[in-house]
Participant: 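I have a structure here, written as structure tokens, and I will follow up with some questions on it.
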Number of protein chains: 2
Amino acid sequence: MDVRLRRKREAAAKSTRIQEVNRRVILDAALEVFSAYGFRGSTIDQIAERAGMSKPNLLYYFKRKQDIYVSVLEETLAQWLQPLADLDPAGEPEAELARYIARKLAMSAERPEASRLFANEILHGAPAIQKFLKSTLKDLVDEKAGVLRRWMAEKKIAAVDPHHLIFMIWAATQHYADFETQVRAIMGPEAETASFRMATADAVTSLFMNGLKPR
Amino acid sequence: MDVRLRRKREAAAKSTRIQEVNRRVILDAALEVFSAYGFRGSTIDQIAERAGMSKPNLLYYFKRKQDIYVSVLEETLAQWLQPLADLDPAGEPEAELARYIARKLAMSAERPEASRLFANEILHGAPAIQKFLKSTLKDLVDEKAGVLRRWMAEKKIAAVDPHHLIFMIWAATQHYADFETQVRAIMGPEAETASFRMATADAVTSLFMNGLKPR
DNA sequence: GTTCCCTTTTACCGCTTGGTCAACTTTCGC
DNA sequence: GCGAAAGTTGACCAAGCGGTAAAAGGGAAC
């Protein structure tokens, strides 16, 4: 076997460890910075500082600012859609929806930065993930909308346009992450407590579940 | 009377006209630019170009970029909260809420840029309108929450935490402006039609009104 | 038509920021 | 321990951008 090729492979396998660590650190730092200040509002220096390395070093792992941004977006996208993907067509409709809402609320509470990152990206026209929205996301939503439509036809839940139902669940649940500042300004410091989070879950769930009771 | 003072007054009265026109043009341009790219993402040159004037000329009317931003924010804030302010404590609960939701949806459809401007500001921690949120907005919301609470006590509508109810109405209605890109990616070009807007109104209204039916 | 002030423009400054380069250090297989 | 590759950094550059200075243009009062 070619010696250079072998070297290269070994090197790749070895360096992967340190590369993986640094890429991980960078992406974590980038999520925080980008979600707080947006793409244009963030600087490579900021990300580098939070990642504990110099700017040229960071650029050794990601050639361009855009690359970091796209990477962190792609990485979080999958996680973000997992709850919807997990909506079980064979499950009990009301329980499935209640679980979906609960998981979305939990994610908003636990990883608000991820929610804000998307919100910002979409707010500005989703320049980096247009294709994803029109393909993967659309397919997933259409599929699950079909499931909801079936449940409605079977009178298991009230009839509402299923796409709009999904949008409203997204809106209501992500609101608490994206508009956290506003919620906190109105509700005061209490808004950070666990009991507030429970009250939120109660209110959102009860409104949706009442609204969706078959009648 | 002092001649200089008189001159100054006359001049002020005269120049007000051209100043008013130019300030209007600038603020309109600024709303579009800021809502599309955010504060950091927007440049004075962009706003000046859309306003049809040179950068220094624009800066003659607004000394700093921040000033334009704050002005356009303040101006749109009042309009944005009018529907909530108009919620009539003496009205019929279900009709009042339906009307409120309808107005919010109409505003999101007609002036999505205004919605996006706020969304972006709040998403990034509302640095320019913190005080407003904590005073004027909080007072208004608390007041209307009181009205909702009374309606619930009177069994006119179902009992849900009134603050959360308001948040959810905001979330659901503004979603169609703030996340328009996503909605369009999923629903296709149809999302821009009037019939889609009607379907939206139907879905949102029916879910909330069913969810709030007294039981 | 002259004067004065408001308005507009041209040229420019300094700082920030994305990105490069060349040199230095560390790591690791041998 | 040696050599090569990977990793790291300080110095630097060019472009973009917020903002200024100064002087020219324009219009109404007298």
Side-chain angles (χ1 to χ4, degrees), chain A residues 1-27 29-30 33-34 36-72 127-128, chain B residues 1-27 29-30 33-34 36-72 127-128:
Chain A
M1 184 196 270
D2 186 339
V3 178
R4 282 182 308 176
L5 188 61
R6 219 181 99 235
R7 279 249 178 77
K8 213 168 179 184
R9 254 197 215 161
E10 286 170 0
K14 274 268 159 55
S15 70
T16 299
R17 238 177 314 180
I18 182 165
Q19 279 203 6
E20 269 177 19
V21 170
N22 278 346
R23 282 177 169 265
R24 180 70 279 124
V25 171
I26 291 170
L27 289 178
V33 175
F34 280 136
Y37 306 106
F39 180 74
R40 277 289 306 265
S42 306
T43 70
I44 301 183
D45 283 290
Q46 267 178 308
I47 300 172
E49 190 183 359
R50 194 169 292 225
M53 64 182 71
S54 65
K55 179 168 67 171
N57 196 14
L58 186 150
L59 287 166
Y60 173 74
Y61 292 100
F62 294 88
K63 285 258 164 290
R64 333 219 135 247
K65 187 185 177 187
Q66 264 277 348
D67 297 347
I68 319 172
Y69 184 66
V70 171
S71 289
V72 64
Chain B
M1 184 195 271
D2 186 338
V3 179
R4 282 182 308 173
L5 188 59
R6 219 181 100 234
R7 279 250 178 79
K8 212 170 180 182
R9 253 196 216 164
E10 286 170 0
K14 276 266 160 57
S15 71
T16 299
R17 240 176 314 180
I18 183 165
Q19 280 203 5
E20 269 177 18
V21 170
N22 277 346
R23 281 176 169 266
R24 181 72 275 127
V25 171
I26 291 169
L27 289 178
V33 175
F34 280 135
Y37 306 105
F39 180 74
R40 278 288 304 266
S42 305
T43 70
I44 301 182
D45 283 291
Q46 269 179 307
I47 300 171
E49 190 183 358
R50 194 169 293 225
M53 65 182 72
S54 65
K55 178 169 67 172
N57 195 14
L58 186 151
L59 286 167
Y60 172 74
Y61 292 100
F62 293 89
K63 283 259 163 290
R64 332 219 136 246
K65 188 185 176 187
Q66 264 277 347
D67 297 346
I68 319 173
Y69 184 66
V70 171
S71 288
V72 64

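What's counted below: heavy atoms across the whole structure, side chains too, no hydrogens, waters or symmetry copies. A note on names: the letters A, B, ... follow the listed sequences, proteins ahead of strands, and every chain is numbered from 1.
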Participant: Partners of B:Asn57 by side-chain contact (heavy atoms from CB on, under 4.5 Å), sequence neighbours excluded?
Facilitator: B:Met53, B:Ser54, B:Tyr60, B:Tyr61

Participant: How many Å lie between CD1 on A:Ile44 and P on D:dT9, as a whole number?
Facilitator: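 Rounded to whole Å, this separation is 16 Å.
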
Participant: Take the protein atom CD of B:Glu49 and the nucleotide atom C1' of D:dC17, then report the distance between them rounded to whole Å.
Facilitator: 15 Å

Participant: What pair of heavy atoms forms the shortest contact from B:Leu58 to B:Ile44, and how long is it?
Facilitator: CD2-CG2, 4.0 Å

Participant: Tell me the interatomic distance from A:Leu59, atom CG, to C:dG18, atom C1', rounded to whole angstroms.
Facilitator: 8 Å

Participant: Which nucleotides of nucleotides 9-15 of chain C have their base under 4.0 Å from a protein heavy atom (B), which only their sugar-phosphate (S), and which neither (-), written as one string 5' to 3'?
Facilitator: BBB----

Participant: If I take atom CZ in residue A:Phe62 and atom C1' in nucleotide C:dG18, what distance separates them, rounded to the nearest angstrom?
Facilitator: 16 Å

Participant: Nearest to the B:Lys65 side chain among C:dT20, D:dG7, D:dG18, which nucleotide is it?
Facilitator: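 Looking only at side-chain atoms, B:Lys65 lies closest to D:dG18.
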
Participant: Atom OH of A:Tyr69 to atom P of C:dG18: distance rounded to whole Å?
Facilitator: 14 Å

Participant: Please give, in whole Å, the distance from C:dT17 P to A:Ile47 CD1?
Facilitator: 12 Å

Participant: Taking OP1 and OP2 of D:dC17, is either one under 4.0 Å from a side-chain nitrogen or oxygen of A:Arg40?
Facilitator: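 Yes.
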
Participant: At under 4.0 Å, does any side-chain N or O of A:Asn22 touch on OP1 or OP2 of D:dA6?
Facilitator: no

Participant: Picking from D:dG19, C:dT20, C:dT7, which would you name as closest to the side chain of B:Arg64?
Facilitator: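 Closest nucleotide to the B:Arg64 side chain: D:dG19.
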
Participant: Rounded to whole Å, please give me the gap between CD1 in A:Ile68 and C1' in C:dT17.
Facilitator: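 Between C1' of C:dT17 and CD1 of A:Ile68: 13 Å.
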
Participant: Out of curiosity, A:Glu49 CD to A:Thr43 OG1, how far, rounded to the nearest 0.5 Å?
Facilitator: 8.5 Å

Participant: Looking across every strand, which nucleic acid part, if any, lies under 4.0 Å from A:Tyr61 by heavy atom: base, sugar-phosphate, or nothing?
Facilitator: sugar-phosphate

Participant: Does D:dA6 have its OP1 or OP2 closer than 4.0 Å to a side-chain nitrogen or oxygen of A:Gln19?
Facilitator: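 Looking at the OP1 and OP2 atoms of D:dA6, neither is under 4.0 Å from any side-chain N or O of A:Gln19.
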
Participant: For B:Tyr37 and D:dG18, give me the distance from atom OH to atom P, rounded to whole Å.
Facilitator: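 So the OH-P distance, B:Tyr37 to D:dG18, works out to 14 Å.
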
Participant: Mind checking the CG-CD1 spacing from A:Leu59 to A:Ile68? Nearest 0.5 Å is all I need.
Facilitator: 6.5 Å

Participant: For B:Arg50, what residues pass the salt bridge (Lys or Arg N to Asp or Glu O under 4.0 Å) criterion, not counting sequence neighbours?
Facilitator: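 Expected list: B:Glu32.
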
Participant: Looking only at the side chain of A:Ile18 (C-beta and beyond, no hydrogens), which of the listed nucleotides C:dT20, D:dG7, C:dT8 gets closest?
Facilitator: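 Of all the options, the side chain of A:Ile18 is nearest to D:dG7.
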
Participant: Can you see which heavy atom on A:Lys65 is nearest to which on A:Phe39, and at what distance?
Facilitator: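 Reported closest heavy-atom pair: NZ-O, 2.9 Å.
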
Participant: So B:Phe34 and B:Tyr69, would you call those rings parallel, tilted or perpendicular, with 30° and 60° as cut-offs?
Facilitator: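 Because their plane-to-plane angle is over 60°, the rings of B:Phe34 and B:Tyr69 count as perpendicular.
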
